[in-house]
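Contents: one structure, followed by commentary.
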Amino acid sequence: MQNHLVASAEPTHPLAEALLDWYDTSARTLPWRVSPAALKSGAVPDPYRVWLSEIMLQQTMVEAVKPFFARFTSLWPTIEALAAAEADDIMKAWAGLGYYSRARNLVACAKVVAELGAFPQTEAELRKLPGLGAYTAASVAAIAFGQPAAVVDGNVERVMARMLALPVPPAKAKNAIREAVAAMVPPVRPGDFAQAMMDLGATVCTPRRPACMFCPWREPCLARQRGEQDLYPVKAPKAEKPTRVGAAFVAVRRDGAILLRKRAGTGLLAGMAEVPNSDWNARQDGDTTERAAPFHARWREVGTAEHGFTHFGLTLKVYRTDGVETAKAPPGSWWSQAAEWEGEALPTVMRKAIRCAIPTAFPPKAKGKP
DNA sequence: GATGCGTGGTC
DNA sequence: TGACCAAGCAT
């Protein structure tokens, strides 16, 4: 039951009141968001758009999400349309956004919801869907269905770390943070409250140089009171990041097509496309010689492609061979014409390798400045 | 609870 | 310029 407009006998926490007032004038305008004014006028959020945006926004910046959200909602305007789509088409549309298991869970979740007929409306039921963890279940419950769920993401953790002057990294105080937020969630406008917290973190209580002068919570904030807002959140020691090496092989057919294959369904870059390459991973280097090539040919070294993953760096030695005969294509692979490359489910590291061998492929996007 | 999993922006 | 980081989830 949607209760966006249902009044309640419960009083609204003074801090929530102040935050909602700030949100009324300072909310960001986002393609997937129903503005506070529209919500008050009776507009109802589309759970599909809320869910899709929340999945895309996991560990991903707003500006990166916008074009993907537009593309997805154009191709698949409803959860039913998405559930009926080919999984490969969804993976292709996701290529470049990262964290590809999200796309696989997106497909699985769409099928479940289409089967159910609609999204479940409680946090606990949403939590059972593929790809929805504690954060996303709470955010969809609050934003799409007006449930008083405590929404805690990285922004909220940072805001609360400063509000409470938490002496430990936020990850070590998840329960305390969630309870502090739950105590503030207002009985009305819980969805706006959640979005207000995240907007506050994204635009005012920023990781570096927070704009405390514009913060609705500048008075109660413990870190601010002490003039120590730059000391929070306390950072956890960071793990060391190894650099791995490997080889990538760009085979060019006489007509200009290149050889691609599909990665395994689990693990790194799961289910995405790749050019043939040696078996590197986060724990182990791969062969950097042409012994790792998919077939015997005159391979030329054409350069290296560098890429940084979350947990390791990678330097690929790139080889190219030309004039390959179609008959030499190994099973499980396919030839992809230049006109189709942009549409393949190629992660960025593979695009870099291809660009290294074929400089005209995947030209860098022009920047905004002239 | 720690680890594996992308990418692009920022300073 | 390279290290850090941004609306987490699954195991």
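So that the names make sense, note that chain A is the first sequence line, chain B the second, and so on, each numbered from 1. All figures in this text were calculated on a predicted structure; none of them were measured in a lab.
- At the phosphate of B:dT7, OP1 or OP2 sits under 4.0 Å from a side-chain N or O atom of A:Thr348.
- Between A:His307 and B:dT7, a side-chain N or O to OP1/OP2 separation shorter than 4.0 Å is present.
- Note on A:Leu30: a base of the nucleic acid sits closer than 4.0 angstrom, heavy atoms only.
- Within the nucleic acid shown, A:Gly96 comes within 4.0 Å of sugar-phosphate atoms alone, with no base atom in reach, counting heavy atoms only.
- Side-chain contact of A:Arg102 with A:Asn105: a donor-acceptor pair under 3.5 Å is absent, judged by distance alone.
- Side-chain polar atoms of A:Ser336 and A:Glu344 form a donor-acceptor pair below 3.5 angstrom.
- The distance from atom NE2 of A:His311 to atom C1' of B:dC5 is 6 Å, rounded to the nearest whole Å.
- Between the base of B:dG8 and the side chain of A:Thr60 there is no donor-acceptor pair shorter than 3.5 Å.
- Phosphate proximity of B:dG4 to A:Tyr99: absent, as no side-chain N or O sits under 4.0 Å from OP1 or OP2.
- Phosphate proximity of C:dG8 to A:Gln59: present, with a side-chain N or O under 4.0 Å from OP1 or OP2.
- Look at CG on A:Leu132: it is 14 Å from P on C:dT11, rounded to the nearest Å.
- Proximity of A:Asp192 to A:Leu20: side-chain heavy atoms (C-beta onward) are separated by under 4.5 Å at one or more points.
- Atom CE in A:Met198 sits roughly 9 Å away from atom P in C:dG8 (whole-Å rounding).
- Within the 4.0 angstrom heavy-atom criterion, only backbone atoms of the sugar-phosphate kind lie near A:Ala134; the bases stay farther away.
- Counting non-hydrogen atoms under 4.0 angstrom, A:Arg209 reaches nothing in the nucleic acid.
- Ranking B:dT7, B:dC5, C:dC5 by closeness to the A:Lys235 side chain, first place goes to C:dC5.
- In this structure, A:Phe249 has its ring center under 6.0 Å from that of A:Trp299.
- Within 4.0 Å (heavy atoms only), A:Ile55 reaches no atom of the nucleic acid at all.
- A:Asn105 has its CG atom 6 Å from the P atom of C:dA10, to the nearest Å.
- Rounded to an integer number of Å, the gap from CZ of A:Arg208 to P of C:dC5 is 7 Å.
- Donor-acceptor pairing under 3.5 Å is lacking for the side chains of A:Glu17 and A:Trp22.
- Under 3.5 Å, the side chain of A:Thr136 and the base of C:dG8 form no donor-acceptor pair of N or O atoms.
- Distance, A:Lys352 NZ to B:dG8 C1': 10 Å, rounded to whole Å.
- Among the nucleotides B:dG8, B:dC5, C:dA10, the one closest to any side-chain atom of A:Phe312 is B:dC5.
- Nucleotide B:dG8 holds its C1' atom 11 Å from the OH atom of A:Tyr100, rounded to whole Å.
- Within the nucleic acid shown, A:Trp32 comes within 4.0 Å of at least one base atom, counting heavy atoms only.
- For the residue pair A:Gln147 / A:Thr122, no side-chain donor-acceptor distance below 3.5 Å is found, with atom types taken as modelled.
- We find that CZ of A:Arg104 is positioned 13 Å from C1' of B:dC5, with the value rounded to whole Å.
- Between B:dG1 and A:Lys174, no contact under 4.0 Å exists linking OP1 or OP2 to a side-chain N or O.
- Put simply, A:Arg283 has a side-chain N or O that comes within less than 4.0 Å of OP1 or OP2 on B:dG4.
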